[in-house]
Amino acid sequence: MKRSHHCGELSLTQVGQTVTLAGWVASRRDHGGVIFIDIRDRYGLTQIVFDSEENAPLHTIADRLRNEYVIAITGTVSVRPEGSENPHLPTGSIEIRANALNLLNEAKPLPFSIEDDVQASESLRLEHRYLDLRRPKMQQLLQLRSQVAHLTRQYFHAQQFIEVETPILTKSTPEGARDYLVPSRVNPGEFFALPQSPQLFKQILMIGGMDRYFQIARCFRDEDLRLDRQPEFTQIDLEMSFVDREDIIQLIEALIRLIFKETKQIDLPNPFPCLSFEEAMGRYGTDKPDRRFDLPIQDLCQFAQTCDFQVFRRVIESGGMVKGLVIPKGAGFTRNRIDNLIETAKEFGAKGLAWIKISEDGKLDSSIAKFFNDEGLRTALPSANPGDLLVFVADQAAIVHQVLGRLRLLLGEELQLLDRTRWEPLWIVDFPMFEYDKANQRHVALHHPFTAPHPKDSSLLDSNPLQAKTLAYDLVLNGFELGGGSIRIHSPRMQEKVFDLLKISKVEAREKFGFLLDALESGAPPHGGIALGLDRLIMLLGQTESIRDTIPFPKTQKAQCLMTHAPSSVTPEQLQELSIRTTAKKPAAAS
RNA sequence: GGGGCCGUCGUUCAGCCAGGUUAGGACGCCAGAUUGUCAAUCUGGAAGUCGCGGGUUCAAAUCCCGUCGGCCCCGCCA
């Protein structure tokens, strides 16, 4: 009994035909003389009718059917009696009058029912992922993921890219995220690392003359998880030779526009807006701004310098800044709500939060209002209106931006400024090359150590490296970092200089990156690339809550798989073979 | 490493603040009835180590301490 159609395709066109369907019992409605079964597969639902008057023995068998039994049925496609059509179902104008039933498998009562508005907790869903995956919502997400991967491959193949697989067992590198390590049995005491990204291999591929490489690449980072972060995730990864920043930006924009158009009929702007890192930090307090609502951070340094409020003036004089938010209609906040806002600001790292209400008649209402001159404030904040609440943070730039950036997001949510139908992609460029790590007294690469400095800034590497900007770019969508890349260093001397600034010794650089340095010495073309987070892209495109919904078998926040119970202990014999001894306090018994 | 929320029949919630009858509802499950339902309906029934351990108390789902697990966030994620 082989199926002739799937469960979502029959309509009035096939009326009268004998068909066979196979799938799961999605619902059973027993009316005594007649039993209705909804049969479900990936493609949809079809109603089956078992009528005791038409076929009594079959009706008796159908009586045994329960939810999620796997069945195949043969019957005649029939028009539903007038008035009993179901307009909510694509197949709702027909039904199958069964004349044969094959019970392929039974199912015990399930821990949760298979429906889109799932009632079960996420941990239960993950434990029984095979049931969760039967939900249409999950099937749609995985289908979307497949569709995006397909479009991506088509797009790159059409543009002469070569899809290349790079090693999963590779070399541990300093810097970056923690590595997942894999012991080498044949090399006792030595370890492979799983790739955090194919970064070095794709550069080597360029030096190997591949010209245009892409890969849908699995990456691994042993860091703590978030709603948009999994320890293993997938990147759309690419690298190109003889290109500049704009080439890559245009190529990727067009791909993203194509994906949104093809899968969701969404038109994204052309070109995407672009902000410098400095502008993004200054206006939104973050390098991944969510621009689905406005509420920009306002600069009040000039005003603060000339006001009578000592707290502000002292911060400015010591090299800090004063910035704020204009909260629309915020003058209506109760004192209690403002106090909560102040508390939150302190949790975010502020020493305090100054505030001023502009009452409906335009008067300033605040305990610190007396320090300010109305007109000066109005000039400094032309966008502030009567009825608004102004809040200020005065501190060093990093703190000011962090606090106001997070307050902005919080208020955007609370005041429902966030328009969930909007799509706001943008590029962030001109990242600084380094941050200074005070604890370890050294520079740290903001992107990675292979990022080329902006040509006009390369001399700054000697004089003032912290001022140097790079040819890196991040793609941001709705407040999530979708991807990032850069034009790479292709000069061995520049690469050595950067390692030097990062305090990576010649010996260590040779040991860890010797192959790259050698490759750079042997005719490396100028090159650059980017990697996009496929899981995050699907999360946004599919408008789902977390990255876990886009991954068939994800890990929990403790990096465990609730279905397989990985990771787990192994036998002492396995460890011995690998020349490994664990120092864990209570190693669970191997099972 | 730190902060917050959550954990009660198979599932999802109420009960906890203010300790005290037999821990309750809905969905699901089981049985019966039912020939036009699609959240089917009606009648009846079964189903709970209140996450786990300890403490306080005459008495703990409820209060206290610890612990385990899930989620969100900070740190971390070149």
Side-chain angles (χ1 to χ4, degrees), chain A residues 26-40 45-54 56 59 63 66-68 78 80-89 91-92 95 97 107-128 131 173-179 196-197 199-200 219-231 233 344 347-349 402 406 409-410 431 433-435 437 442-451 470 472 481 484 486 498-499 502 504 512-513 531 533 545-546 548 555-558 560 562 565:
Chain A
S27 150
R28 163 176 168 272
R29 298 176 293 278
D30 181 355
H31 287 248
V34 64
I35 297 173
F36 299 99
I37 297 286
D38 287 341
I39 184 171
R40 183 197 68 237
L45 274 184
T46 302
Q47 174 166 288
I48 316 295
V49 187
F50 295 94
D51 194 324
S52 59
E53 282 180 11
E54 244 170 74
H59 176 270
D63 201 45
R66 294 292 181 272
N67 279 344
E68 300 308 312
S78 312
R80 290 201 190 181
E82 205 175 328
S84 67
E85 303 90 352
N86 185 345
H88 306 293
L89 221 54
T91 61
E95 62 194 9
R97 304 197 70 86
K108 54 185 182 186
L110 306 179
F112 58 90
S113 59
I114 311 302
E115 54 196 358
D116 268 347
D117 291 325
V118 69
Q119 299 221 337
S121 66
E122 193 178 5
S123 53
L124 198 71
R125 289 171 49 207
L126 291 178
E127 193 181 330
H128 307 277
L131 298 178
T173 52
E175 317 241 341
R178 292 184 190 89
D179 285 319
Q196 298 177 22
S197 84
Q199 182 59 36
L200 292 169
C219 305
F220 306 86
R221 294 179 189 174
D222 187 4
E223 295 295 345
D224 286 350
L225 288 77
R226 288 284 187 282
L227 125 132
D228 64 343
R229 268 164 43 186
Q230 281 275 305
F233 60 101
T344 307
E347 279 166 31
F348 290 167
Q402 169 171 296
R406 291 182 62 185
L409 287 179
L410 194 78
F431 285 86
M433 187 118 179
F434 305 107
E435 284 175 314
D437 174 1
R442 61 176 202 126
H443 295 93
V444 184
L446 202 74
H447 190 56
H448 59 53
F450 319 108
T451 302
T470 60
E481 184 193 323
S486 62
V498 171
F499 283 155
L502 293 172
I504 298 174
K512 301 292 185 184
F513 305 113
E545 335 270 296
S546 94
R548 293 182 297 277
K555 311 282 186 290
T556 66
Q557 196 159 57
K558 284 203 67 188
Q560 294 174 336
L562 294 181
H565 298 114

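What's counted below: heavy atoms across the whole structure, side chains too, no hydrogens, waters or symmetry copies. Chain naming here is simple, since letters A, B, ... match the order of the sequence lines and numbering starts at 1 in each. Predicted, not measured: the structure shown is a model, and the values here were computed from it.
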N/O donor-acceptor pair, side chain A:Asn67 with base B:G28, under 3.5 angstrom: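 Under the 3.5 Å cut-off, the side chain and the base do not form any donor-acceptor pair.
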Under-3.5 Å donor-acceptor pair between A:Arg221 side chain and B:C77 base: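 No pair found.
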Answer with base, sugar-phosphate or nothing: what part of the nucleic acid does [X] contact at a heavy-atom distance below 4.0 Å?
| X | result |
| --- | --- |
| A:Arg406 | sugar-phosphate |
| A:Ile35 | nothing |
| A:Gln199 | base |

Check the interface with nucleotides 70-72 of chain B: list each N/O to N/O pair with the protein under 3.5 Å, or write none.
residue: B:G70; atom: OP1; partner: A:Thr556; partner atom: OG1; Å: 3.1
residue: B:C71; atom: OP1; partner: A:Gln557; partner atom: N; Å: 3.2
residue: B:C71; atom: OP2; partner: A:Gln557; partner atom: N; Å: 2.9
residue: B:C71; atom: O3'; partner: A:Arg548; partner atom: NH2; Å: 3.1
residue: B:C72; atom: OP1; partner: A:Arg548; partner atom: NH1; Å: 3.2
residue: B:C72; atom: OP1; partner: A:Arg548; partner atom: NH2; Å: 2.9
residue: B:C72; atom: OP2; partner: A:Arg548; partner atom: NH1; Å: 3.4
residue: B:C72; atom: N4; partner: A:Gln557; partner atom: OE1; Å: 3.4

Between [N] and [M], how far is it from one [atom1] atom to the other, in whole Å?
| N | M | atom1 | result |
| --- | --- | --- | --- |
| B:G24 | B:C29 | P | 22 Å |
| B:G4 | B:U67 | P | 14 Å |
| B:A61 | B:G51 | P | 10 Å |
| B:C50 | B:A23 | P | 11 Å |
| B:G15 | B:C58 | P | 28 Å |
| B:C13 | B:C6 | C1' | 13 Å |

A:Leu124 side chain, from C-beta outward: closest of B:G75, B:C74, B:U11: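 In terms of side-chain proximity for A:Leu124, the closest of B:G75, B:C74, B:U11 is B:U11.
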Which nucleotide in B:U37, B:G10, B:C76 has an atom nearest any side-chain atom of A:Arg29: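 Out of B:U37, B:G10, B:C76, the nucleotide with an atom closest to A:Arg29's side chain is B:U37.
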For B:U12, the Watson-Crick or wobble partner whose two distances fall under 3.5 Å: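 B:U12 is paired with B:G25.
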Assigned partner base of B:C76, Watson-Crick or wobble definition, under 3.5 Å: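 B:C76 is paired with nothing.
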A:Gln402 vs A:Ser197, nearer the 5' end of RNA chain B by closest nucleotide: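 On the 5' side of the pair lies A:Gln402.
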B:U12 phosphate, OP1 or OP2, under 4.0 Å from A:Ser121 side-chain N/O: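 Looking at the OP1 and OP2 atoms of B:U12, one of them is under 4.0 Å from a side-chain N or O of A:Ser121.
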Phosphate contact (B:A39 OP1 or OP2) by A:Ser27 side-chain N/O below 4.0 Å: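 No, no such contact exists.
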Salt-bridge present (A:Arg40, A:Glu68; N to O < 4.0 Å):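 Salt bridge flag = yes for A:Glu68 with A:Arg40.
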Which residues share a side-chain contact (heavy atoms from CB on, under 4.5 Å) with A:Asp179, sequence neighbours left out: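 side-chain contact (heavy atoms from CB on, under 4.5 Å) list for A:Asp179, sorted by chain: A:Ser172, A:Leu181, A:Ala193, A:Gln196.
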A:His448: ring-ring contact (aromatic ring centres under 6.0 Å, His included) partners, not counting sequence neighbours: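 A:His448: ring-ring contact (aromatic ring centres under 6.0 Å, His included) contacts with A:Phe450.
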Could you go through residues 45-52 of chain A and list every donor-acceptor pair under 3.5 Å that involves a side-chain atom there, pairing it with any protein atom two or more places apart or in another chain?
residue: A:Thr46; atom: OG1; partner: A:Cys7; partner atom: O; Å: 2.6
residue: A:Gln47; atom: OE1; partner: A:Arg29; partner atom: NH2; Å: 3.0
residue: A:Gln47; atom: NE2; partner: A:Glu95; partner atom: OE1; Å: 3.1
residue: A:Asp51; atom: OD1; partner: A:Glu53; partner atom: N; Å: 2.9
residue: A:Asp51; atom: OD2; partner: A:Arg97; partner atom: NH2; Å: 3.1
residue: A:Ser52; atom: OG; partner: A:Gly33; partner atom: O; Å: 2.9

What residues, two or more places apart in sequence or in another chain, satisfy side chain to side chain donor-acceptor pair (under 3.5 Å) together with [X]?
| X | value |
| --- | --- |
| A:Glu435 | none |
| A:Arg548 | A:Glu122 |
| A:Ser121 | A:Ser123 |
| A:His31 | none |

Letter per nucleotide, 5' to 3', of nucleotides 31-36 of chain B [B base touched, S only sugar-phosphate touched, - untouched; heavy atoms, 4.0 Å]: S--BBB
